[in-house]
Amino acid sequence: MKFEETIVLQICPDLNQYIISLDDKIYPVSKYLKNYGNLYFDDEVQNFKDFESILSFVRGRYEDAIIKEKFSYDKYNDEWKSFNDLEKNMIKIILD
């Protein structure tokens, strides 16, 4: 099955971190962004010359957090954590 959602990699000003999200269908930001396939990205990432450069940037900035499985921000406890069951289920539904 082909994944057809529009994925956006952009800076979240509140967290000052990059986030990956599905584009909003009512107010899509992707129409203003550059893309590689269905991955759209903001101005800072747009300066990269190719997809491998984007991957290198994300790995360099987040590799430690990925290894520690700190994927999801818990705003109530002000901490990064692993995905909870609800988030895992939502991801599974999106990818199926």
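Note that the numbering runs from 1 along the sequence shown for the chain.
Judged by distance alone, the side chains of Gln17 and Tyr62 do bring a donor and an acceptor atom under 3.5 Å apart.
Among residues two or more places apart in sequence or in another chain, the side chain to side chain contact (heavy atoms under 4.5 Å, CB included) test is passed with Glu87 by Ser72, Lys81, Phe83, Asn84. The salt bridge (charged side-chain N to carboxylate O under 4.0 Å, His left out) search around Asp85 returns none, not counting sequence neighbours.
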Please report the C-alpha distance between Val58 and Leu9 in whole Å, then the side-chain angles of each, then the deciding distance to 0.1 Å, and finally whether the side chain to side chain contact (heavy atoms under 4.5 Å, CB included) criterion is met.
CA-CA 10 Å; Val58 171; Leu9 172 64; 4.2 Å; yes
Report the C-alpha distance between Ile20 and Phe71 in whole Å, list the side-chain angles of each, state the deciding distance to 0.1 Å, and finish with yes or no for side chain to side chain contact (heavy atoms under 4.5 Å, CB included).
CA-CA 10 Å; Ile20 297 173; Phe71 309 119; over 6 Å; no
For Gln10 and Phe41, run side chain to side chain contact (heavy atoms under 4.5 Å, CB included): C-alpha distance rounded to whole Å, both residues' side-chain angles, the deciding distance at 0.1 Å, then the answer.
CA-CA 6 Å; Gln10 64 183 345; Phe41 38 90; over 6 Å; no
In sequence, state the C-alpha distance, the side-chain angles, and the governing distance for Asp23 and Ser30, and then conclude on side chain to side chain donor-acceptor pair (under 3.5 Å).
CA-CA 7 Å; Asp23 201 12; Ser30 61; 2.5 Å; yes
Stepwise salt bridge (Lys or Arg N to Asp or Glu O under 4.0 Å) check, Glu52 with Arg59
CA-CA 10 Å; Glu52 186 58 41; Arg59 277 189 208 112; 3.5 Å; yes
Hey, mind stepping through Asp24 and Val29 against side chain to side chain contact (heavy atoms under 4.5 Å, CB included) and telling me if it holds?
CA-CA 7 Å; Asp24 189 305; Val29 297; over 6 Å; no
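Proximity of the aromatic rings of Tyr18 and Phe57 is defined here by a centroid distance below 6.0 angstrom, and this criterion is met.
Judged by distance alone, the side chain of Asn35 and the main-chain N or O of Asn38 form no donor-acceptor pair under 3.5 Å.
Side-chain heavy atoms closer than 4.5 Å link hydrophobic residues (I, L, V, M, F, W, Y) into clusters, and following such links, possibly through other members, connects Ile11 to Leu22. Linking Ile, Leu, Val, Met, Phe, Trp and Tyr whenever their side-chain heavy atoms come within less than 4.5 Å puts Ile66 and Ile54 in one cluster.
Taking 4.5 Å as the limit, some side-chain heavy atom of Tyr73 sits within range of a side-chain heavy atom of Asp78.
Between the OG1 atom of Thr6 and the OH atom of Tyr40 there is a distance of 5.5 Å, given to the nearest 0.5 Å.
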